[in-house]
S.K.: 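There's a structure below that I have some questions on.
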Amino acid sequence: MIHMLSRFDLKPGVSIEAFSQEYSTLVEQMRAKGLVSSTGQIGRREADTPMDTDADDAPEYYVVMSFADREQLDRSYAYLTDTSANQATSHPAVNRSVTNHVFTCWQDLD
């Protein structure tokens, strides 16, 4: 399994509720095309604990998306970066809602 951590802030005026709805729609669209295995819930950073050692300006929101394997991950990336194909999805709306986004991928070790 390969996972992608998305770290991001919301643009001014975008509510977490509106973003969550668009993100859920996008994941369902991707799932229907076999482009994602699962996603976790969107989380908010808890920066006021000594357990959080990230930079003070690290993004506020986080979500993990999971892929069955590298092939599914690569198909997902190709689809989401093909602007003619993904216009029919919620991806453009999700992208317009976020700023300071960083993506980190890792693979489970067997």
Side-chain angles (χ1 to χ4, degrees):
M1 187 74 65
I2 297 177
H3 310 279
M4 180 182 71
L5 171 64
S6 300
R7 301 167 46 167
F8 57 94
D9 290 316
L10 295 176
K11 287 184 178 175
V14 176
S15 72
I16 189 60
E17 294 81 14
F19 176 81
S20 294
Q21 186 173 25
E22 287 293 345
Y23 180 78
S24 293
T25 300
L26 174 62
V27 170
E28 287 306 314
Q29 291 166 341
M30 291 175 67
R31 191 174 284 137
K33 293 186 174 297
L35 299 174
V36 67
S37 292
S38 64
T39 188
Q41 293 182 339
I42 297 169
R44 178 177 282 145
R45 181 177 183 202
E46 292 290 326
D48 63 344
T49 172
M51 294 293 282
D52 185 310
T53 61
D54 207 342
D56 289 340
D57 63 348
E60 181 176 8
Y61 295 99
Y62 300 80
V63 68
V64 175
M65 190 177 278
S66 297
F67 305 89
D69 51 29
R70 181 62 187 258
E71 188 269 335
Q72 186 182 48
L73 173 73
D74 290 345
R75 282 190 303 114
S76 177
Y77 180 80
Y79 180 76
L80 293 174
T81 57
D82 178 352
T83 55
S84 64
N86 77 48
Q87 292 304 314
T89 71
S90 291
H91 191 245
V94 168
N95 273 347
R96 284 190 302 272
S97 299
V98 300
T99 187
N100 303 326
H101 43 288
V102 178
F103 307 104
T104 303
C105 290
W106 69 94
Q107 184 171 12
D108 292 338
L109 299 177
D110 294 330

S.K.: Of all the heavy-atom pairs spanning Arg75 and Gly34, show the shortest one and how long it is.
M.R.: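 Looks like NH2-O, 2.8 Å.
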S.K.: Taking the side chain as every heavy atom from C-beta outward, state whether Val14 and Glu22 have any pair of such atoms under 4.5 Å apart.
M.R.: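 The answer is no; the side chains never approach within 4.5 Å.
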S.K.: Report yes if the side chains of Glu60 and Asn100 come closer than 4.5 Å at any heavy-atom pair, otherwise no.
M.R.: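 Not in contact.
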S.K.: How long is the straight-line distance from CG of Asn95 back to CG of Leu80, given to the nearest 0.5 Å?
M.R.: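 Leu80 CG to Asn95 CG: 8.5 Å, rounded to 0.5 Å.
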S.K.: Met1 and Val27: same hydrophobic cluster, using ILVMFWY side-chain contacts below 4.5 Å?
M.R.: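 Result: no, two separate clusters.
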S.K.: Please report the C-alpha distance between Phe19 and Phe8 in whole Å, then the side-chain angles of each, then the deciding distance to 0.1 Å, and finally whether the side-chain contact (heavy atoms from CB on, under 4.5 Å) criterion is met.
M.R.: CA-CA 11 Å; Phe19 176 81; Phe8 57 94; 3.4 Å; yes
S.K.: Would you check if Leu10 and Val98 make a side-chain contact, meaning some heavy-atom pair closer than 4.5 Å?
M.R.: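 Yes, side chains in contact.
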S.K.: Over 60° means perpendicular and under 30° means parallel, so classify the ring planes of Trp106 and His3, tilted if in between.
M.R.: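 It falls in the tilted class, 30° to 60°.
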S.K.: Does Thr104 reach the main-chain N or O of Ser6 with its side chain, forming a donor-acceptor pair under 3.5 Å?
M.R.: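 No; zero donor-acceptor contacts below 3.5 Å.
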S.K.: Can you spot which of Gln29, Lys33, Met30, His91 makes a side-chain contact (heavy atoms from CB on, under 4.5 Å) with Tyr79?
M.R.: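 Passing option: Lys33.
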S.K.: How long is the gap from CZ on Arg70 to CD on Gln107, to the nearest 0.5 Å?
M.R.: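 Arg70 CZ to Gln107 CD: 8.5 Å, rounded to 0.5 Å.
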S.K.: Please say whether more than 12 non-hydrogen atoms of neighbouring residues, nucleotides or ligands are located less than 6.0 Å from CZ in Arg31.
M.R.: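 Correct, the count exceeds 12.
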S.K.: Find out whether Tyr62 and Val64 are in side-chain contact, i.e. whether some heavy atom of one side chain is under 4.5 Å from a heavy atom of the other.
M.R.: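 Tyr62 does not reach Val64 side chain to side chain.
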S.K.: In this structure, which one of Asp52, Asp9, Asp56 forms a salt bridge (charged side-chain N to carboxylate O under 4.0 Å, His left out) with Arg45?
M.R.: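 It is Asp52, the one option of Asp52, Asp9, Asp56 that forms the salt bridge (charged side-chain N to carboxylate O under 4.0 Å, His left out) with Arg45.
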S.K.: Centroid-to-centroid, Phe103 to Tyr77, below 6.0 Å?
M.R.: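 For Phe103 and Tyr77, the ring centres are not under 6.0 Å apart.
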S.K.: May I ask you to test the Val94-Arg96 pair for a side-chain heavy-atom distance under 4.5 Å?
M.R.: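 A side-chain contact is absent here, since even the closest heavy-atom pair is not under 4.5 Å.
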S.K.: So for atom CD, which belongs to Glu71, do other residues, nucleotides or ligands contribute more than 12 heavy atoms lying within a distance under 6.0 Å?
M.R.: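 Result for CD/Glu71: enclosed.
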S.K.: Ignoring hydrogens and angles, state whether a donor on the side chain of Gln72 or Ser37 is under 3.5 Å from an acceptor on the partner side chain.
M.R.: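 The criterion, which ignores hydrogens and geometry beyond distance, is satisfied for Ser37 and Gln72.
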S.K.: Nearest 0.5 Å please: distance from the OG atom of Ser66 over to the CG atom of Leu73.
M.R.: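 If I round to the nearest 0.5 Å, the distance is 10.5 Å.
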S.K.: Does the side chain of Phe67 come within less than 4.5 Å of Val36's, by heavy atoms?
M.R.: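 Answer yes - side chains close enough.
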S.K.: Check whether any side-chain N or O of Ser15 sits under 3.5 Å from a backbone N or O of Ala18 as a donor-acceptor pair, and report yes or no.
M.R.: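 Yes.
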S.K.: Let me check something: do Leu26 and Leu5 share a hydrophobic cluster, defined by ILVMFWY side-chain heavy atoms less than 4.5 Å apart, either directly or through other members?
M.R.: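 Not linked; separate clusters.
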S.K.: Is it the case that over 12 heavy atoms from other parts of the model lie below 6.0 angstrom from the CD atom of Glu28?
M.R.: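 For Glu28, atom CD is crowded (more than 12 foreign heavy atoms under 6.0 Å).
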